[in-house]
Protein chains: 2
Amino acid sequence: MVDKEPDFQPSEERNEWDMERIHELAGRLLPIYADVAAGRIDDPKIQRYLNELIGILHDLHPADMATVLESLPQQERVMVWKLSEPDEDGEVLLEVSDAVRETLIESMGQQELLAAIEDLDADELAELAPDLPKEVVHEALESLDAEERAQVVSALSYEEDEVGALMDFELVSIRADVTCEVVLRYLRRFESLPDHTDKIFVVDDDDVLQGVLPIRSLLVSDPEELVENVMSTDVVRFRPEDDVEEAAAAFERYDLVTAPVVDNNKKLIGRITVDEMLDVIREESEADMLNMAGLKEEEDLFAPIIDSFKNRWMWLVINLCTAFVASRVIGMFEGSIEKIVALAALMPIVAGIGGNSGNQTITMIVRSLAMGQLNLSQSGRLLRKELGVALLNGVIWGSVMGVVSYLLYGNIGIGLVMVAAMTLNLVLAATMGVLIPVVMEKFGRDPALGSSVLITAVTDSGGFMIFLGLATIFLL
Amino acid sequence: MVDKEPDFQPSEERNEWDMERIHELAGRLLPIYADVAAGRIDDPKIQRYLNELIGILHDLHPADMATVLESLPQQERVMVWKLSEPDEDGEVLLEVSDAVRETLIESMGQQELLAAIEDLDADELAELAPDLPKEVVHEALESLDAEERAQVVSALSYEEDEVGALMDFELVSIRADVTCEVVLRYLRRFESLPDHTDKIFVVDDDDVLQGVLPIRSLLVSDPEELVENVMSTDVVRFRPEDDVEEAAAAFERYDLVTAPVVDNNKKLIGRITVDEMLDVIREESEADMLNMAGLKEEEDLFAPIIDSFKNRWMWLVINLCTAFVASRVIGMFEGSIEKIVALAALMPIVAGIGGNSGNQTITMIVRSLAMGQLNLSQSGRLLRKELGVALLNGVIWGSVMGVVSYLLYGNIGIGLVMVAAMTLNLVLAATMGVLIPVVMEKFGRDPALGSSVLITAVTDSGGFMIFLGLATIFLL
């Protein structure tokens with residue numbers, strides 16, 4: 001029996017405590033790290049710090065170790081990485097973000113890398129392979145047996161967003177014509193069962209999937225009962241080329257823990273597990289959030305300035321282009337602004353409320369499309385509803401700002417143009433807020449990507465055009 | 001054995017096919033629904049449609065039924081709801097979004113509601129209770145035994161974001177001093193085991209948690225072995241008052257399927273399961289996305305216009321206020337704009353790039369804080385890095401726009417003011433992009449909420465102020 005005082009802290013609290021101490025110790029040790037690495041330490045205080053740090057690192061779960069590494073600046077990160085136990089290095093590499101993984105792999109020699117990855121399963125090796133030096137992957141493949149090598153190669157043949165890339169090859173399968181007692185005896189011969197085993201896959205002689213035997217059913221069944229009488233044949237299963245986000249949605253919908261993956265001949269080739277799906281859901285929503293904010297991908301917090309620049313410049317340039325277009329729209333009306341300078345002060349209000357309201361509409365629709373709640377045949381009805389909301393908002397907030405503008409500038413005309421322009425720009429925002437994602441979806445594009453930039457571009461340029469145009473017609 | 005042709009379609013595809021047909025059938029039946037409800041149908045074609053619709057609905061999983069209901073306009077939704085089988089009504093009510101749940105419950109009589117919820121577990125009943133009429137909850141509680149009633153009351157006593165509110169009371173517990181063989185025999189006495197049972201909880205005579213016995217270990221252990229020699233004592237456990245988002249992060253981190261919940265005396269009181277955590281992760285990221293777009297909460301796609309208005313007006317008003325402040329900043333410089341009208345056309349570019357870049361910084365930081373990667377003691381270092389990125393962007397894109405402005409207006413002064421203003425506004429955006437979330441976190445506020453609005457407000461007003469201020473000083 002492992003004799004450890006059970007830990008009654010929620011893991012997050014425990015974590016934060018360790019984290020600060022690790023940061024403190026790493027900060028103290030970094031300046032003398034060259035001496036530490038060479039084993040030249042005389043100062044007993046430094047030795048104590050070092051021992052304490054190594055002790056903390058030793059007890060960390062690989063996932064916690066990954067968080068620690070992600071939170072450290074690059075020099076401290078490499079030092080802590082070198083001080084940590086190498087036997088779980090592979091697990092940690094799997095857990096850290098892509099950006100941090102690169103910095104860790106760069107700091108390792110070929111032999112260290114090989115040692116780190118030698119205990120990984122085929123699917124895990126395949127996950128790391130794209131980030132590893134070619135020679136290391138080659139040598140690692142050499143050390144595998146033919147079956148495992150075939151699994152790695154197969155996993156590498158799928159795109160990152162296909163089920164095949166996340167597939168796990170470790171599974172337990174049985175025949176349908178044996179009794180539950182036989183299954184229990186068979187399981188007892190295993191050293192350990194694969195992670196997350198909540199069901200056993202039932203296959204025929206050609207490995208064609210017949211059904212699944214949930215462990216929950218196995219445990220309550222009469223031992224004499226045949227598997228085929230206990231198994232369930234209505235199984236949610238996937239093909240390796242299925243989209244991982246759809247698989248994750250199915251896991252969520254049907255409360256799955258594991259599910260079989262079958263090929264075109266219905267042969268069982270692997271399984272996927274809920275822990276991978278949690279990551280998919282997290283990454284999916286993060287990708288949306290990052291894209292909406294104009295970041296290409298997740299960033300290492302302490303990345304060199306140039307790396308952050310590369311991750312962000314593209315959206316900035318797109319934004320600059322749309323802002324330039326809006327600026328030229330204003331340029332067209334410089335004559336009007338020269339005559340009524342108040343227009344310059346009021347125009348951002350018209351553009352701003354359009355952008356805000358358009359983003360509300362578009363976000364709601366992107367979300368409904370992602371959840372499978374919105375049928376494209378409904379878009380007409382939806383558009384009518386959004387137009388209603390836009391008109392209501394336009395009349396109310398347009399009037400408020402109309403009155404305010406009138407009070408500020410003492411010109412009833414400016415007030416009326418303000419009401420009309422705000423209402424029209426809200427109508428434009430509602431129309432484009434429905435059309436942009438619906439059209440993107442129709443053409444098979446991801447409606448989340450760039451929708452927000454597009455709608456803001458339209459409501460900015462459109463808002464300036466509507467407001468300055470109306471003012472030019474009615475006030476000059 | 002259930003004799004069904006195994007389904008080899010990924011669930012999503014299957015779903016979409018049904019969905020369109022359901023929409024079509026519902027559309028055809030709606031106009032004559034009064035007759036249908038009264039049983040007055042003579043037309044055999046209508047009868048066929050009705051039978052087909054009922055057939056499709058009958059085969060739907062409650063989660064799929066929920067998606068169908070969410071995708072239908074309100075009248076069709078109520079009709080389909082009335083046509084669906086009542087025996088899984090409770091499950092469907094649990095699955096639909098809050099907004100749609102309200103419309104469904106409104107359409108049901110008291111007896112129907114009682115019938116729908118009578119098979120629910122204590123934790124499920126507690127989840128629905130806030131949306132149900134008081135009399136229904138009261139009557140449902142009456143029908144429970146004392147233990148279940150206590151469970152419902154306990155679950156209702158926790159906030160929505162506390163582990164206690166998601167806790168499940170159905171679990172299997174055993175003593176440490178029995179053999180695995182005894183455990184297996186004990187399990188066989190169950191009709192069925194609770195969902196997601198991947199471990200059995202080991203408790204002493206006072207129900208104090210001693211450890212857990214993973215089913216995976218139980219299955220491979222020698223039947224004669226004692227539970228205490230097989231169980232694991234290093235258990236991730238939660239208290240009912242823990243935050244659900246932290247619990248979900250722990251599930252993700254440690255790849256859990258279920259985890260025990262204990263009270264202050266370490267007594268086992270319930271468990272939480274991974275399916276609830278999937279929902280938490282999905283809702284957490286959705287809430288961030290909705291908030292960033294200025295929506296108060298998830299919306300029923302086909303909500304009446306007035307409901308959508310209520311959900312959206314608050315952020316529009318906040319946006320209107322910040323836009324008004326920006327407008328007054330411009331108003332301060334009307335004299336300058338009157339003299340150099342080009343300023344009016346160029347100023348949105350300065351404000352725009354600041355907002356975009358500030359949102360990039362803030363999103364990255366909000367995300368790192370949420371993932372526990374960012375230690376507040378690191379904020380100084382992070383600020384220096386972000387300032388570096390801002391300066392680099394400012395010099396590059398500022399120069400590009402400076403040259404463009406010079407070419408457009410033939411005025412070298414305008415070009416230089418443009419470079420300086422863009423660089424300064426990017427520096428302002430970087431500073432506030434780091435400070436806003438860090439300060440919010442320090443004061444225990446959610447840094448995601450409203451950060452985006454705040455940074456845009458600062459970079460808009462700040463951008464106008466910097467650009468028009470510099471222009472007034474150097475160009476007039």
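Nothing here was measured: the structure is a model prediction, and the numbers come from that model. Proteins come first, then strands; the chains are lettered A, B, ... in the order of their sequence lines, and each starts at number 1.
Among A:E284, A:M364, A:Q378, the residue making the largest number of heavy-atom pairs under 4.5 Å with chain B is A:Q378. Comparing B:P348, B:S452, B:P73, B:G388 by heavy-atom pairs within less than 4.5 Å of chain A, the highest count is held by B:P73. In terms of heavy-atom pairs under 4.5 angstrom with chain B, the leader among A:R189, A:E338, A:M332 is A:E338. Ranking B:P223, B:A351, B:S97 against chain A, the residue ahead of the rest is B:P223, based on heavy-atom pairs under 4.5 Å. For the options A:L316, A:T197, A:I353, A:L320, heavy-atom pairs under 4.5 Å to chain B are most numerous at A:L316. With chain A as the partner, the residue from B:P214, B:A303, B:A248 showing the most heavy-atom pairs under 4.5 Å is B:A303. Per-residue counts of heavy-atom pairs under 4.5 Å with chain A were compared for B:A63, B:A345, B:A344; the largest is that of B:A345. For the set A:S217, A:S308, A:P304, A:G331, the count of heavy-atom pairs under 4.5 angstrom toward chain B peaks at A:S308. Each of A:N359, A:I281, A:L226 has some count of heavy-atom pairs under 4.5 Å with chain B, and the biggest count is that of A:I281. Counting heavy-atom pairs under 4.5 Å between each of A:L69, A:L278, A:T273 and chain B puts A:L278 at the top. Of the residues considered (B:I330, B:L187, B:D275, B:N356), B:N356 shows the highest number of contacts with chain A, using heavy-atom pairs under 4.5 Å.
With a 4.5 angstrom heavy-atom cutoff, A:V404 touches chain B only via side-chain atoms. Using a 4.5 Å cut-off between heavy atoms, B:L391 makes no contact with chain A at all. Interface remark: A:F464 contributes side-chain atoms only to the contact with chain B (heavy atom separation under 4.5 Å). Heavy atoms of A:I337 lying under 4.5 Å from chain B belong to its backbone as well as its side chain. Within the 4.5 angstrom heavy-atom criterion, only backbone atoms of B:E191 (N, CA, C, O) approach chain A. Interface remark: A:L408 contributes side-chain atoms only to the contact with chain B (heavy atom separation under 4.5 Å). Interface remark: A:V400 contributes no atoms to any contact with chain B (heavy atom separation under 4.5 Å). If you measure heavy-atom distances from A:N319 to chain B, the contacts under 4.5 Å come from the side chain alone. Interface remark: A:I362 contributes no atoms to any contact with chain B (heavy atom separation under 4.5 Å). For A:V389, the parts lying near chain B are the backbone and the side chain together; criterion is any non-hydrogen pair under 4.5 Å. Only the side chain of B:V366 comes within contact range of chain A, judged by heavy atoms closer than 4.5 Å.
To the nearest 0.5 Å, the span separating CD1 on B:I215 from CG on A:L193 amounts to 10.5 Å. Going from atom CH2 of A:W313 over to atom OG of B:S357 covers 15.0 Å, rounded to the nearest 0.5 Å. Taken to the nearest 0.5 Å, the CH2 atom of B:W315 stands 10.0 Å off from the CD atom of A:Q360.
Using a 4.0 Å cut-off between a side-chain N of Lys or Arg and a carboxylate O of Asp or Glu, A:K385 and B:E299 qualify as a salt bridge. Looking at A:R312 and B:E386, a side-chain N of the basic residue comes within less than 4.0 Å of a carboxylate O on the acidic one, giving a salt bridge.
Between A:R282 and B:R282 the shortest side-chain heavy-atom distance does not fall below 4.5 Å. Looking only at side-chain heavy atoms (C-beta outward), B:L346 and A:F324 stay at 4.5 Å or farther from each other. Taking the side chain as every heavy atom from C-beta outward, A:D279 and B:E252 approach each other to under 4.5 Å. Under the 4.5 Å side-chain criterion, counting only non-hydrogen atoms from C-beta, A:F190 is not in contact with B:L219. A:H196 places none of its side-chain heavy atoms less than 4.5 Å from the side chain of B:D198. Within the 4.5 Å cutoff, the side chain of B:D255 has no heavy atoms near those of the A:D195 side chain.
The minimum heavy-atom distance between A:A342 and B:E334, with the atom names listed, is CA-OE2, 3.7 Å. Of all non-hydrogen atoms in A:V317 and B:W397, the two that sit nearest each other are CG2-CH2, 3.3 Å. Taking both residues in full, the closest heavy atoms of B:I349 and A:S327 are given as CD1-CB, 3.6 Å, listed atom of the first, atom of the second, then distance.
A donor and an acceptor atom, one from each side chain of A:S221 and B:R188, are nowhere located under 3.5 Å apart.
Although no hydrogens or angles enter the test, the distance criterion places no donor-acceptor pair under 3.5 Å between the side chain of A:S71 and the main chain of B:L374. Of the possible donor and acceptor atoms, one in the side chain of A:R216 sits under 3.5 Å from a partner among the backbone N and O of B:P194.
Residues meeting the ring pair (Phe, Tyr, Trp, His ring centres under 6.0 Å) test with A:H23, sequence neighbours left out: none.
Taking the six-membered ring for Trp and thresholds of 30 and 60 degrees, B:Y254 and A:H61 have ring planes more than 60 degrees apart, a perpendicular arrangement.
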